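Report on one structure; see the data block that follows.
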Amino acid sequence: MMAEAAKLLARSKFAIAFTGAGISAESGVPTFRGKDGLWMRYRPEELATPEAFSRNPRLVWDFYKWRMKLIAKARPNRAHYALAKLEEMGILKAVITQNVDDLHREAGTKNLIELHGNIFRVRCTSCDYRENLKESCSLEEFLREELPKCPNCGSLLRPDVVWFGEPLPEEELSEAFKLARRADLILVIGTSGLVYPAAYIPYIVKENGGIVIEINVEESALTPIADIFLRGKAGEVMGTLLEEVKKILD
Ligand code: OAD
Ligand code: ZN
């Protein structure tokens with residue numbers, strides 16, 4: 001299985017990756033579903049919807065600040081680095097992620113499409129104000145504010161992430177679909193494949209004749225369309241896969 005996957009990847013002309021929370025699990029970032037998942041402990045409709053935010057912005061901000069702190073301490077793992085390396089080698093053309101944790105960028109991935117936003121970005125609920133707290137180095141200061149307000153207009157700021165019931169960012173989604181139509185291979189890593197429209201991406205690749213290689217610790221909703229299923233932790237499997245690809249190309 002691993003050898004076959006490495007051969008297909010090494011021979012591919014336009015490979016892309018589609019990632020979910022499972023790729024960051026080994027970095028200590030909790031996933032959403034499954035036994036230790038966030039949505040087992042918290043109700044998403046109370047924390048990750050526009051209605052929840054207008055009802056109780058403090059509760060929602062407390063949840064996001066907790067995640068910001070946790071994620072700020074997390075470092076990319078071997079899976080993130082393997083994808084960055086595969087891009088550098090010219091094999092991988094893009095990473096499309098559902099994650100908001102910034103770990104792909106930190107690992108060095110250049111062509112990154114963030115479908116669900118980024119936890120270090122905030123935006124105003126009234127005006128066009130946006131800020132990347134990592135780039136402006138103001139995360140610590142920000143975390144001390146109880147209810148963050150817009151420096152331009154004084155309205156409430158919100159996390160620049162996609163909540164349930166909200167549309168995905170248009171440009172990112174259309175770019176992701178475009179890449180999926182073009183791809184001859186997709187690595188589907190650490191996602192339950194239950195959240196749409198993101199989960200269409202592997203189907204688009206498949207429908208256009210591309211190969212689907214899935215990496216997950218267990219079967220997912222996308223496993224039925226996977227040509228190859230590599231069972232295991234993303235960091236371990238991707239580390240091995242990268243080594244195998246290098247051997248083929250050496
Ligand atoms: P989920 O929590 O739904 O799924 C995580 C997947 O990762 C599961 O299939 C696990 O089996 C797998 N997994 C766990 N640990 C792993 C490891 N070490 N290596 C490989 N796989 C592992 O997360 P997502 O599919 O990303 O949406 O969830 C999709 C969306 O639902 C998220 O983007 C978020 C959430 O609500 C928004 O925030 C809009
Ligand atoms: Zn504003």
Side-chain angles (χ1 to χ4, degrees), residues 1-29 31 71 74-115 118 175-176 178-193 198 201-206 208-220 222-223 225-250:
M1 279 310 193
M2 179 63 79
E4 183 63 17
K7 204 161 73 189
L8 290 168
L9 187 55
R11 276 190 201 150
S12 69
K13 296 277 173 286
F14 201 92
I16 61 173
F18 175 59
T19 67
I23 197 170
S24 299
E26 287 152 90
S27 297
V29 181
T31 63
I71 291 171
R75 289 294 155 260
N77 65 55
R78 275 199 290 168
H80 300 102
Y81 288 119
L83 292 180
K85 183 69 192 172
L86 286 167
E87 181 183 46
E88 194 192 298
M89 290 163 72
I91 294 173
L92 199 68
K93 308 300 183 209
V95 174
I96 302 166
T97 190
Q98 300 165 87
N99 300 344
V100 298
D101 60 29
D102 220 31
L103 293 178
H104 285 299
R105 187 171 288 109
E106 211 174 298
T109 288
K110 300 281 183 300
N111 194 13
L112 176 65
I113 290 122
E114 295 174 310
L115 290 177
N118 184 300
E175 177 64 13
K178 206 166 91 190
L179 287 162
R181 285 193 297 270
R182 191 168 166 198
D184 60 355
L185 188 151
I186 187 167
L187 298 171
V188 176
I189 311 172
T191 180
S192 58
I201 288 158
Y203 286 93
I204 297 172
V205 176
K206 184 84 177 180
N208 286 276
I211 295 158
V212 178
I213 299 177
E214 183 178 33
I215 293 119
N216 202 307
V217 288
E218 58 183 45
E219 291 186 8
S220 76
L222 297 168
T223 310
I225 64 159
D227 298 287
I228 296 184
F229 180 78
L230 302 173
R231 189 184 299 271
K233 292 187 178 179
E236 292 170 13
V237 175
M238 284 309 300
T240 312
L241 188 60
L242 175 63
E243 291 314 309
E244 295 292 315
V245 169
K246 280 183 182 163
K247 272 189 225 157
I248 295 170
L249 296 177
D250 268 352

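Treat the numbers as computed from the prediction; the structure is a model and nothing was measured. Residue numbers run from 1 in the order of the sequence given.
- Side-chain contact check for V29 versus N99: every heavy-atom pair is 4.5 Å or farther apart.
- Residues that satisfy the salt bridge (charged side-chain N to carboxylate O under 4.0 Å, His left out) test with K110, not counting sequence neighbours, are absent from this structure.
- With sequence neighbours left out, the salt bridge (charged side-chain N to carboxylate O under 4.0 Å, His left out) criterion links D227 to K206.
- In this structure, A74 and E106 approach most closely via the heavy-atom pair O-OE2, 4.2 Å.
- You'll find the side chain of L9 reaches within 4.5 Å of the side chain of L86, heavy atoms only.
- Sorted by first and then second residue, the side chain to side chain donor-acceptor pair (under 3.5 Å) pairs with a member in residues 12-24 read T19-T97, T19-H104, S24-H80, S24-D101; sequence neighbours excluded.
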Worksheet item: Yes or no on side chain to side chain contact (heavy atoms under 4.5 Å, CB included) for K93 and R182, after CA distance, side-chain angles and deciding distance?
Response: CA-CA 10 Å; K93 308 300 183 209; R182 191 168 166 198; over 6 Å; no
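- In this structure the side chain of I225 never reaches within 4.5 angstrom of the side chain of V188, judged on heavy atoms.
- Nearest heavy-atom pair, A176 versus L115, reported as atom, atom and distance to 0.1 Å: CB-CD2, 4.0 Å.
- Residues forming a side chain to side chain donor-acceptor pair (under 3.5 Å) with R11 (at least two apart in sequence, or on another chain): none.
- Taking the side chain as every heavy atom from C-beta outward, E87 and L83 never approach each other to under 4.5 Å.
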Report, one line per pair, each donor and acceptor closer than 3.5 Å where one atom sits in a side chain of residues 209-216; sequence neighbours left out.
{"residue": "E214", "atom": "OE1", "partner": "T223", "partner atom": "OG1", "Å": "2.7"}
{"residue": "E214", "atom": "OE2", "partner": "S220", "partner atom": "OG", "Å": "2.5"}
{"residue": "N216", "atom": "OD1", "partner": "E218", "partner atom": "N", "Å": "3.0"}
{"residue": "N216", "atom": "ND2", "partner": "T191", "partner atom": "O", "Å": "3.3"}

Could you list the donor-acceptor pairs under 3.5 angstrom formed between side-chain atoms of residues 238-250 and any protein atom two or more places apart in sequence or on another chain?
{"residue": "T240", "atom": "OG1", "partner": "E236", "partner atom": "O", "Å": "3.0"}
{"residue": "E244", "atom": "OE2", "partner": "K247", "partner atom": "NZ", "Å": "3.2"}

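- For the residue pair N208 and I204, the shortest heavy atom distance occurs at ND2-O, 2.7 Å.
- Atoms CZ and CG, on F229 and L222 in that order, are 10.5 Å from each other to the nearest 0.5 Å.
- In terms of the side chain to side chain donor-acceptor pair (under 3.5 Å) criterion, R78 has no residue partners (sequence neighbours excluded).
- Here R181 pairs with nothing under the salt bridge (charged side-chain N to carboxylate O under 4.0 Å, His left out) rule; sequence neighbours left out.
- Rounding to the nearest 0.5 angstrom, the gap separating the CD1 atom in I91 from the CD1 atom in I16 is 15.0 Å.
- Within the model, atoms CZ of F18 and CD1 of I96 stand 7.5 Å from one another, a figure rounded to the nearest 0.5 Å.
- Remark: K233 engages no residue in a salt bridge (charged side-chain N to carboxylate O under 4.0 Å, His left out) (not counting sequence neighbours).
- Taking both residues in full, the closest heavy atoms of A17 and L92 are given as N-CD1, 3.8 Å, listed atom of the first, atom of the second, then distance.
- The two residues A234 and G22 make their nearest non-hydrogen contact at CB-O, 4.3 Å.
- What you find for A15 and D184 is that their closest heavy atoms are N-OD1, 3.8 Å.
- Checked against side chain to side chain donor-acceptor pair (under 3.5 Å), K85 has the following partners two or more places apart in sequence or in another chain: E88.
- Residues that satisfy the side chain to side chain donor-acceptor pair (under 3.5 Å) test with T31, not counting sequence neighbours, are absent from this structure.
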